[in-house]
Amino acid sequence: MSLSIVLPLYNEEENILPLLNATLPVLSSLTKDFEIVFVDDGSKDKSPQILKELQKEKHIKVYTLKKNMGKATALYVGFQKATKDIIITMDSDLQDDPKEIPLLVQKIQQGYDFVNGWKKNKHLEKGDRLKRLPSLFFNNLTYVLTKVNVHDYNCPFKAYKKQVAKDLFLYGDMHRYIPVQVGNMGYTYTEVVVSNYPRKYGTTKYGSS
Ligand code: UDP
Ligand code: MG
């Protein structure tokens, strides 16, 4: 089994090293054949310098967008560059728990083409309370319109068979519709309940609007 983890990031200078420290042991416990693909979405803090040092390390690849293009474009670039058989995505702010990567990988190994995370017991921060209603509205409306049935379309924690990720066309806010694209292409999918932690460092780039 081989594994790519694709991490889009924009101004995450305080999160990069803790994220790497939490993720590396999990990946190496699963396989020797893994890569960590950082996509720097035009960060203006110290993230580019930190990543420049890190890309000297084995297993780490860094791709840099010249300007901030948004998470969907960052993911698209990461998917085009990723080379391994199974591709995992998480956010780079440690709101997801890398220890849960094996749960998603297991579902792919069972035969599903795509696994969507479900933050069932969502931790609500101050800013997040405002997102609750739009999120509920979005998830229900997306189901009604598309009939692709997952609970948490926009959950950042996802796993793909390589070809599925390569087939996605992502730009603008399209990262929110990844399960819809996957379902519409006829791929099989399932979901897994995942944890959700408060952001320790930095600020959210996506508000309730
Ligand atoms: N991100 C990105 N480009 C952007 C905005 C965000 O690559 O223009 C990354 C960000 O660094 C994080 C993920 O996308 O890894 C989700 O962003 P954020 O945590 O701000 O969103 P929230 O969790 O608050 O919805
Ligand atoms: Mg976040």
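Atoms within a ligand are numbered from 1 in the order they appear, just like the ligands themselves. From a predicted model like this one, the values you see are computed outputs, not experimental measurements.
Counting the atoms of ligand 1 from 1 in the order shown, those under 4.0 Å from a heavy atom of S92 are 15 (O). For ligand 1 and D41, the ligand atoms under 4.0 Å from any heavy atom of the residue are 2 (C), 3 (N), 4 (C), 7 (O), 8 (O). Of all atoms in ligand 1, listed by their number and element, those nearer than 4.0 Å to a heavy atom of R199 are 18 (P), 19 (O), 20 (O). The P8 neighbourhood of ligand 1 comprises atoms 7 (O), 9 (C), 11 (O), 15 (O), with distances under 4.0 Å to a heavy atom of that residue. Listed by atom number, the atoms of ligand 1 under 4.0 Å from N68 heavy atoms are 3 (N), 4 (C), 8 (O). With ligand atoms numbered from 1 in the order given, ligand 1 contributes 7 (O), 11 (O) to contacts under 4.0 Å with heavy atoms of L9. Close approach to Q95 involves these atoms of ligand 1, each under 4.0 Å from a residue heavy atom: 19 (O), 23 (O). Contact atoms of ligand 1 toward E12: 10 (C), 11 (O), 12 (C), 15 (O) (distance under 4.0 Å to a heavy atom of the residue).
Under a 4.0 Å N-O distance rule, the pair E12/R199 qualifies as a salt bridge.
Contact annotation: for K205 versus ligand 1, heavy atoms closer than 4.0 Å belong to both the backbone and the side chain. Of all the heavy atoms of T204, the ones lying under 4.0 Å from any atom of ligand 1 are found in both the backbone and the side chain.
Taking the centre of each ring, Y177 and F138 come in below the 6.0 Å mark.
Y112 and K161 share no donor-acceptor pair across their side chains, judged by distance under 3.5 Å alone. Under the 3.5 Å distance criterion, with hydrogens and angles disregarded, a donor-acceptor pair is assigned to the side chains of S47 and D45.
Closest of all the heavy-atom pairs between V6 and A82 is CG2-CB, 4.2 Å. Residues Y10 and D41 share a closest heavy-atom pair of CD1-O, 3.2 Å. Shortest non-hydrogen contact noted between V105 and I88 is CG2-CD1, 3.8 Å.
Inspection of the environment of the Mg ion (ligand 2) yields the following protein N, O or S atoms under 2.8 Å: D93 OD2, Q95 OE1.
The aromatic rings of H151 and W118 lie parallel to each other, with less than 30° between the two planes, well short of the 60° mark.
For the atom pair CG of N68 and NZ of K44, the computed distance is 5.5 Å after rounding to the nearest 0.5 Å.
Checked by atom type and distance alone, the side chain of S4 pairs as donor or acceptor with a backbone atom of K84 at under 3.5 Å.
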Apply salt bridge (charged side-chain N to carboxylate O under 4.0 Å, His left out) to the pair K120 and E191, showing each step before the final yes or no. CA-CA 11 Å; K120 192 175 181 184; E191 59 187 354; over 6 Å; no
